[in-house]
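Down below is the structure, laid out as C-alpha cells.
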Amino acid sequence: MVSAGNAVVLGASMAGLIAARVLSDAYDTVTIIDRDTLPETAAARRGVPQSRQLHVLLAQGRRALVELFDGLSDELSAAGAPQVDLHNQVHWCNDGYPMRRAASDLIGVGISRPLLEATVRARVRKLANVRFFPPAEATALLHTDDRSRITGVLATLRTGTEYRLHADLVVDACGRASRSPVWLAELGYPAPAEQRVPVDVTYVTRTYERDARHLGGLLGALTNAVPGRPRTGIVAAQEDGRFAVALSGMLGEQPPLDDEGFTRFAESLGMPVISRLVRDAAPVGSPARMRFPASVRRRYERLRRFPLGYLVVGDAICSFNPLYGQGMTVAATEGLLLRSLLQGGPDRLARRFFRGAGKLIDGPWSIAVGTDLRFPEVPGPRSPRVRLINAYVHRLHAAARTDAVLGAAFLRVLNLVDPPTRLLRPAIVRRVFRARLRRSDD
C-alpha cells in the first residue's frame, strides 16, 4: 500500500486496535486516542465495562485475527488460552436438544477479554508508525470551512489541556459510546437511521478452578434461552486453568450474585453439567454483573451524504446482543474489509466501507435479532419469513441430536463462517425433515 499521510483512531479496544493495525500499512503515522490509561499487562479497565465477562473468540474471528496478526493463535496458546474444537469439545444444548458432537475445523479460543486485548495491544505497540496518545477524550472533530472533510480531532487531556490532532483519516472505534451521530448532526449531516431491539439482558460471569472431572473433560458448555425460560448458561475454558461461567437472563431476568442464588439459577437451566460445575468447583474471585439494554444497528450504509476523511467501525456501527458472542469477530472481519479497500486508495472510502460492512453485518444481525424475536416480549416486526425460519431452526436443533452434519451446519453459521442462508440448502433441509419423519414413525 502507498503511504497516505496520518490517521487517528478513537478508541483502543479491539475494534480500534484492529483498525490501527490495518491503517499502519497504509498511512505514515497512526495515533490511537483512548480515555483510559492502558495497562501494560492483561487487566480489566474502565473503558471496557464488559472486560470481566465471559468471552470466546469464534472460529471466524480467530481466523481473521491470525490473518491480521501473524502467529497470534500460537501466541495466545503459549499464554495458556485453550484452542477449542467448538463442535467436538463443547456440550451444546439448543432449545433443550443436546447436539451430537463431532470433530471439526471450527477452532475457537477460550480466553479472557483482558488477555486477548493485552496481547493484541502489545502487537500494535510494536508497529513503528503507531503511537498511543496520553489518556484523553476526543471532544470534537476538526473540519474544513465547508465541512465536507474531517481534518482531525480535538483531544482533551485529563488536565483540561486541549490538542488539535490533524489527520487525513479519523476512525471512530468508540463502541456503544460513539458520538458520531451527534458530531455529524452538528456539522449539518444527517444522523444514520437506527434500528434498536430491546432485549434487557443481564449477565453475570464468575470464574472457577478448572478440573478435568468437570464437563466430562470437555472445554465448554452452552444452553440457550427459549420462550418461557429466557435464561442462558455458558461455560468456557480460559487461561490460568480456569472456567468462566456466564449466567444470563433476558427481559428483566437477573442472575443473583450470591453463591446460593447463582447456583439455583444454574440449576434452573436444566443442564446438569453446568449446575454441577457451579455447585462443586472452587470459585476464583467475585462475580461480575453487566446489563445490556438493546441491540443497536446504525445504518451508515444508507447515508447519501458523509464527510470525507472519516470512518466508523465496530460496535459504533452495530452493537449485538452479547449472548451470541459476535462483536469481536465482526470487528475482525471489518478489519479485513478495510485492508482490502485501502489497497484501492482512499477515494470514496467511507461509502465503500459502509456498504461492505453492511453486508458483513447482515448475517450476524439476522441471527441475533431473528432469534430474539422468538420471544413475544421483544418488540419488533415478525415477518412470515422470520417465523418460518425460527420454526425451521428449532426442528434443525431437534434433528442435530443424532445428525452431526446438521450440528456442523448450524455451528458454521453461528461462528460466522457461513451465511445463514446455508441452512436452507436443499441437502440440509432434506436432512432436517427426514429426521422429523423418522421421529413421526417411531
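Being a predicted model, the structure only gives us computed values, none of them experimental.
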Working to the nearest 0.5 angstrom, can you tell me the gap between [X] [atom1] and [Y] [atom2]?
X	Y	atom1	atom2	result
R401	L406	CZ	CG	12.0 Å
R101	L86	CZ	CG	13.0 Å
L17	R121	CG	CZ	7.0 Å
T202	Q254	OG1	CD	4.0 Å
E137	I33	CD	CD1	10.5 Å

Sidechain-backbone polar pair: [X] side chain, [Y] backbone, donor-acceptor under 3.5 Å:
X	Y	answer
S178	C174	no
N415	V417	no
N129	Y27	yes
R206	G285	yes
R395	Y392	no
R348	P346	no
R374	A225	yes
Q326	P364	yes
D34	G11	no
R289	P255	yes

Minimum-distance pair of heavy atoms, taken over all atoms of [X] and [Y]:
X	Y	value
I367	P420	CG1-CG, 3.9 Å
P230	E253	CG-CG, 3.7 Å
G216	H91	N-NE2, 4.5 Å
L106	A408	CD1-O, 4.4 Å
G61	A332	O-CB, 4.3 Å

Could you check L222 against V235 for side chain to side chain contact (heavy atoms under 4.5 Å, CB included), going step by step and ending with a plain yes or no? CA-CA 6 Å; L222 181 145; V235 181; over 6 Å; no
Aromatic rings Y300 and F354: how do their planes relate, parallel, tilted or perpendicular, breaks at 30° and 60°?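 Answer is parallel, since the angle falls under 30°.
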Kindly indicate, with the supporting measurements, whether the criterion side chain to side chain contact (heavy atoms under 4.5 Å, CB included) is fulfilled by T371 and L323. CA-CA 11 Å; T371 304; L323 297 182; over 6 Å; no
Can a side-chain donor-acceptor contact be found between [Y] and [X] if the only test is distance below 3.5 angstrom?
X	Y	value
R52	T205	no
D95	H394	yes
S104	D85	yes
Q238	S112	no
E117	S51	no
S13	R113	yes
T31	R131	yes
T232	Y203	no

So [Y] and [X], do their side chains get closer than 4.5 Å, heavy atoms only?
X	Y	answer
L116	H55	no
V284	E209	yes
V313	V171	yes
L388	S383	no
L411	M99	yes
L72	V120	yes

Apply side chain to side chain contact (heavy atoms under 4.5 Å, CB included) to residues L311 and L349 and explain how you reach the verdict. CA-CA 8 Å; L311 214 55; L349 178 61; 4.3 Å; yes
Hey, is [X] close enough to [Y] for a salt bridge, meaning N to O under 4.0 Å?
X	Y	result
R297	D362	yes
R298	E194	yes
D105	R412	yes

Under the side-chain hydrogen bond (donor to acceptor under 3.5 Å, both in side chains) rule, what do S73 and Q83 come out as? Steps first, then yes or no, please. CA-CA 8 Å; S73 192; Q83 299 207 18; 2.5 Å; yes
Over 12 foreign heavy atoms within 6.0 Å of CZ, R229: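 Correct, the count exceeds 12.
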Mark yes when over 12 heavy atoms from residues, nucleotides or ligands other than R305 sit less than 6.0 Å from its CZ; otherwise mark no.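 Yes - once you tally the heavy atoms of other residues, nucleotides and ligands closer than 6.0 Å, there are more than 12.
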Would you please test E75 and R123 for salt bridge (charged side-chain N to carboxylate O under 4.0 Å, His left out) and show each step? CA-CA 11 Å; E75 188 174 348; R123 285 291 199 95; 2.9 Å; yes
Between R339 and E67, does the salt bridge (charged side-chain N to carboxylate O under 4.0 Å, His left out) criterion hold? Intermediate values first, please. CA-CA 11 Å; R339 184 176 67 174; E67 190 169 339; 2.7 Å; yes
Please assess R291 against D200 for the test salt bridge (charged side-chain N to carboxylate O under 4.0 Å, His left out), listing each intermediate value before the final yes or no. CA-CA 7 Å; R291 289 194 62 197; D200 193 11; 2.5 Å; yes
On the six-membered ring of F306, is R351 placed so that its NZ or CZ lies under 6.0 angstrom from the centre and within 45° of the ring axis?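 Not satisfied by the 6.0 Å and 45° rule.
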Between F132 and R125, is there a cation-pi geometry (under 6.0 Å to ring centre, at most 45° from the normal)?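 Judged by the rule, R125 and F132 form a cation-pi pair.
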Given side chain to side chain contact (heavy atoms under 4.5 Å, CB included), test L269 with L247 step by step and report yes or no. CA-CA 9 Å; L269 300 174; L247 304 183; 3.9 Å; yes
R45 and D36: CA distance, side-chain angles, deciding distance, salt bridge (charged side-chain N to carboxylate O under 4.0 Å, His left out) verdict: CA-CA 7 Å; R45 61 187 182 92; D36 284 352; 2.8 Å; yes
is_close_aromatic(Y208, H214), centroid dist under 6.0 Å: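 Centroid separation for Y208 and H214: 6.0 Å or greater.
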Dump the intermediate steps for side-chain hydrogen bond (donor to acceptor under 3.5 Å, both in side chains) on N321 and S295, then the final yes or no. CA-CA 5 Å; N321 183 335; S295 300; 5.0 Å; no
Side chain to side chain donor-acceptor pair (under 3.5 Å) partner of Y324, chosen from T329, D372, N224: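 Among T329, D372, N224, the one meeting side chain to side chain donor-acceptor pair (under 3.5 Å) with Y324 is D372.
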